[in-house]
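The block underneath contains the structure these notes are about, expressed in structure tokens.
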Amino acid sequence: MAFMKEFREFAIKGSVVDLAVGVIIGAAFGRLVDSLVKDLIMPVIGRVFGGLDFSNWFIMLGAPPAGYNGPMTYDALTKAGVPLFAYGNFLTVTINFLILAFIIFLMVKQINRLKNQAPPAAAATPEDVVLLREIRDSLKR
């Protein structure tokens, strides 16, 4: 029973819950960035470079099966079981990572900027309070 109590205390600690929330949000954020790159950025890059599609950049490491007459695309050849050196897919994942890292950098930079803001300056002491303090100090002498 002591083991279960210790485990329960560990599992409900704030840092463990924060970590779980971070992992879940990170996974969702990763999918968001993946979609951003795949559906928005890569088509624009492809259009600029004349129909360039990184996903179909690969080198076949083996021949397609005998009698294969399907398209010579990454998806079709992968489904057919052809070993591929898919450097275009790796390039897409690398771009995803760089964009994700840049966005996280901007977020952390913004959070640090907000944390390091100087507290607002104290309001100026009213004149009558300053005068009363001077009178008090002179009476003490």
Side-chain angles (χ1 to χ4, degrees), residues 1-66 68-141:
M1 276 308 198
F3 176 76
M4 290 302 289
K5 181 180 177 187
E6 185 179 349
F7 178 74
R8 186 174 73 74
E9 289 173 6
F10 167 77
I12 62 172
K13 267 187 191 174
S15 59
V16 173
V17 174
D18 292 343
L19 178 63
V21 169
V23 167
I24 292 168
I25 290 174
F29 192 68
R31 290 181 52 193
L32 178 72
V33 171
D34 186 46
S35 175
L36 172 75
V37 171
K38 181 181 174 187
D39 300 329
L40 300 177
I41 294 174
M42 294 309 282
V44 172
I45 291 174
R47 178 73 175 175
V48 168
F49 290 105
L52 185 65
D53 181 13
F54 293 142
S55 64
N56 283 316
W57 286 10
F58 59 85
I59 298 171
M60 287 193 298
L61 300 176
Y68 177 79
N69 56 1
M72 299 299 267
T73 63
Y74 174 79
D75 290 332
L77 290 171
T78 302
K79 287 179 185 173
V82 178
L84 302 173
F85 183 73
Y87 61 93
N89 197 27
F90 177 76
L91 184 61
T92 302
V93 171
T94 302
I95 291 171
N96 285 357
F97 170 77
L98 292 174
I99 291 170
L100 181 62
F102 181 70
I103 291 171
I104 290 174
F105 166 74
L106 292 177
M107 288 172 43
V108 169
K109 185 176 177 181
Q110 183 69 16
I111 290 169
N112 287 340
R113 189 182 67 81
L114 292 173
K115 280 184 182 179
N116 295 332
Q117 282 183 345
T125 309
E127 250 182 82
D128 58 344
V129 173
V130 172
L131 182 59
L132 288 171
R133 286 180 185 165
E134 289 175 3
I135 294 170
R136 179 195 65 197
D137 293 342
S138 66
L139 287 174
K140 282 184 180 179
R141 288 185 234 149

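Values in this document were obtained by computation on a predicted structure and should not be read as measured data. When reading the values below, keep in mind they use all heavy atoms of this one structure, side chains included, and skip hydrogens, waters and symmetry mates.
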Could you pull out all residues at least two apart from [X] that satisfy side chain to side chain contact (heavy atoms under 4.5 Å, CB included)?
{"X": "Ala20", "answer": "none"}
{"X": "Arg136", "answer": "Arg133, Lys140"}
{"X": "Leu98", "answer": "Thr94"}

Nearest 0.5 Å, please: how far is [atom2] in [Y] from [atom1] in [X]?
{"X": "Lys79", "Y": "Leu77", "atom1": "NZ", "atom2": "CG", "value": "11.5 Å"}
{"X": "Ile41", "Y": "Ile95", "atom1": "CD1", "atom2": "CD1", "value": "8.0 Å"}
{"X": "Ile104", "Y": "Ile99", "atom1": "CD1", "atom2": "CD1", "value": "12.0 Å"}
{"X": "Arg113", "Y": "Leu106", "atom1": "CZ", "atom2": "CG", "value": "12.0 Å"}
{"X": "Phe90", "Y": "Trp57", "atom1": "CZ", "atom2": "CH2", "value": "14.0 Å"}
{"X": "Tyr87", "Y": "Phe58", "atom1": "OH", "atom2": "CZ", "value": "9.0 Å"}

> Side chain of Ser35, backbone of Leu32: donor and acceptor closer than 3.5 Å?
Replying inline: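 Side chain of Ser35 to backbone of Leu32: no pair is present.
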
>> A side-chain contact here means heavy atoms from C-beta on lying under 4.5 Å apart; do Tyr74 and Leu84 qualify?
In response: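 Counting from C-beta outward, Tyr74 and Leu84 do come under 4.5 Å.
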
>> Ignoring hydrogens, what is the shortest heavy-atom contact between Pro65 and Val82? Give both atom names and the distance.
In response: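 Looks like CD-CG2, 3.9 Å.
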
>> I need the minimum non-hydrogen distance between Pro71 and Ala76, along with the two atoms involved.
In response: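 Closest approach of Pro71 to Ala76: O-CB, 3.5 Å.
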
> Is the count of non-hydrogen atoms from other residues, nucleotides or ligands lying under 6.0 Å from Tyr68 atom OH greater than 12?
Replying inline: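 Counting other residues, nucleotides and ligands, OH of Tyr68 exceeds 12 neighbours.
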
> Under 6.0 Å from the CD atom of Gln110, do we count more than 12 heavy atoms belonging to anything else shown?
Replying inline: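 Result for CD/Gln110: enclosed.
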
>> What verdict does the side-chain contact (heavy atoms from CB on, under 4.5 Å) test give for Phe29 and Ile103, after you've listed the backbone C-alpha separation in whole Å, the side-chain angles of each residue and the deciding distance to 0.1 Å?
In response: CA-CA 10 Å; Phe29 192 68; Ile103 291 171; 3.3 Å; yes

